[in-house]
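Before any comments, here is the structure.
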There are 2 protein chains.
Amino acid sequence: MLKREAADGVFHALADANRRAVIERLTRGPATVSELAAQLGVTVAATVQHLQVLQDNELVRSEKVGRVRTCQIDPAGLRNAEAWLQRQRTAWEHRLDRLGAVLDDQTEESGS
Amino acid sequence: MLKREAADGVFHALADANRRAVIERLTRGPATVSELAAQLGVTVAATVQHLQVLQDNELVRSEKVGRVRTCQIDPAGLRNAEAWLQRQRTAWEHRLDRLGAVLDDQTEESGS
DNA sequence: AAGACACTTAAGCCACCACTTGACTTTCCA
DNA sequence: TGGAAAGTCAAGTGGTGGCTTAAGTGTCTT
């Protein structure tokens, strides 16, 4: 299950346009820190900080070999966020279904 | 489609625990501003500000009748966020499929 | 060995955000 | 009509976030 803490971190991570850009980039294949920084148009240092947030929330994984760190998507965080959204949407839809049924019953009972 | 701007707003809105609590509450039925404020444990003024953010990003709708404003879920924003997440996840899965196929071909060619 | 390369870490800066208080408007009701 | 209730608006405040520069660490390459 998704604890409140976890949702907090994931959505906070996704709230930044640059971090989402990193995710979009990584869905198309692994990339190094420098490559990501170049694409974002910010410092390597800033990119490292973004990656830290993304990793803390299981949105990105990375491995350092030699002096170069290679990053790739970690689907766990995405799944967590998706699960929360689905829970809300389906809960709302089910409520509407029940509400609809009640209204149908009422109109049947009272006639038009 | 979901523009970058839209994603920015929706995820920012979802990044706050109190705003998510509002959404969770509203999936179980409409509520007034005061009710939401009471549940959150913050001022009515703060709640109004949260509602403003939620409405700007199509996560909540509200209507004022008399002196009381009643709020309910607006599924549009939730769908937007869900769509973005699904796009990333499926893009990543498709890429893995292609990669897997390539690796299979290679192992077939070279034998075990 | 020496310099370039790819990051990493620390410190500081500015903007934004969530929240509060307080004054105000509108609506209800006795 | 007078006052309580429900919400709105504006200003101020403490805290956080994202970015930068600058200095440092480990790793190639020649």
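Bear in mind the structure is a predicted one, so any value in this text is a computation, not a measurement. Note on naming: letters A, B, ... go to the chains in the order of the sequence lines (proteins, then strands), and numbering restarts at 1 for each one.
If you check dA4(D), dG22(C), dC7(C) against the side chain of Arg67(B), the one that comes closest is dA4(D). Comparing dA18(C), dG18(D), dT9(C) by their nearest atom to the side chain of His50(A) picks out dG18(D).
The pair Arg20(B)-Glu24(B) does not meet the salt-bridge criterion, since no charged nitrogen lies less than 4.0 angstrom from a carboxylate oxygen. Between Glu63(A) and Arg69(A) there is no salt bridge, since no side-chain N of the basic residue sits under 4.0 Å from a carboxylate O of the acidic one.
OP1 or OP2 of dT20(D) lies within a sub-4.0 Å distance of a side-chain N or O belonging to Thr43(A). Checking the phosphate oxygens (OP1, OP2) of dT8(C), a side-chain nitrogen or oxygen of Lys64(A) falls inside 4.0 Å.
When the P atom of dA10(D) is taken as reference, atom CD of Gln52(B) falls 12 Å away, rounded to whole Å. Atom P of nucleotide dT16(D) and atom CG of Asp16(B) are separated by 14 Å, given to the nearest angstrom. At whole-Å resolution of the value, CZ in Arg19(A) and C1' in dC19(D) are 12 Å apart. Whole-Å rounding puts the Asp8(B) CG to dC17(C) C1' distance at 14 Å. Rounded to an integer number of Å, the gap from Leu14(B) CG to dA18(C) P is 12 Å. Taking atom CZ of residue Phe11(B) and atom P of nucleotide dG18(D), one finds them 15 Å apart after rounding to whole Å. One interatomic measurement links the two molecules: CG of Leu51(B) to C1' of dA18(C), which rounds to 14 Å at whole-angstrom precision. The NE2-C1' distance, from His12(B) to dG17(D), rounds to 11 Å in whole Å.
With no hydrogens or angles considered, a side-chain donor-acceptor pair links Gln55(B) and Ser62(B) at under 3.5 Å.
The CG atom of Asn18(A) sits 14.5 Å away from atom CZ of Arg25(A), with the distance rounded to the nearest 0.5 Å.
The base of dT20(C) sits within donor-acceptor range of the side chain of Gln49(B), with an N or O pair under 3.5 Å. Judged by distance alone with a 3.5 Å cut-off, no donor-acceptor contact links the side chain of Arg69(A) to the base of dC7(C).
Across all strands shown, Val68(A) has heavy atoms under 4.0 Å from sugar-phosphate atoms exclusively, and none from any base.
Of the residues near DNA chain D, Asn18(A) and Ala45(B), the one whose nearest nucleotide (by heavy atom distance) lies more toward the 5' end is Ala45(B).
Residues Thr27(A) and Arg95(B) form no side-chain contact, since every pair of their non-hydrogen atoms from C-beta on lies 4.5 Å or further apart.
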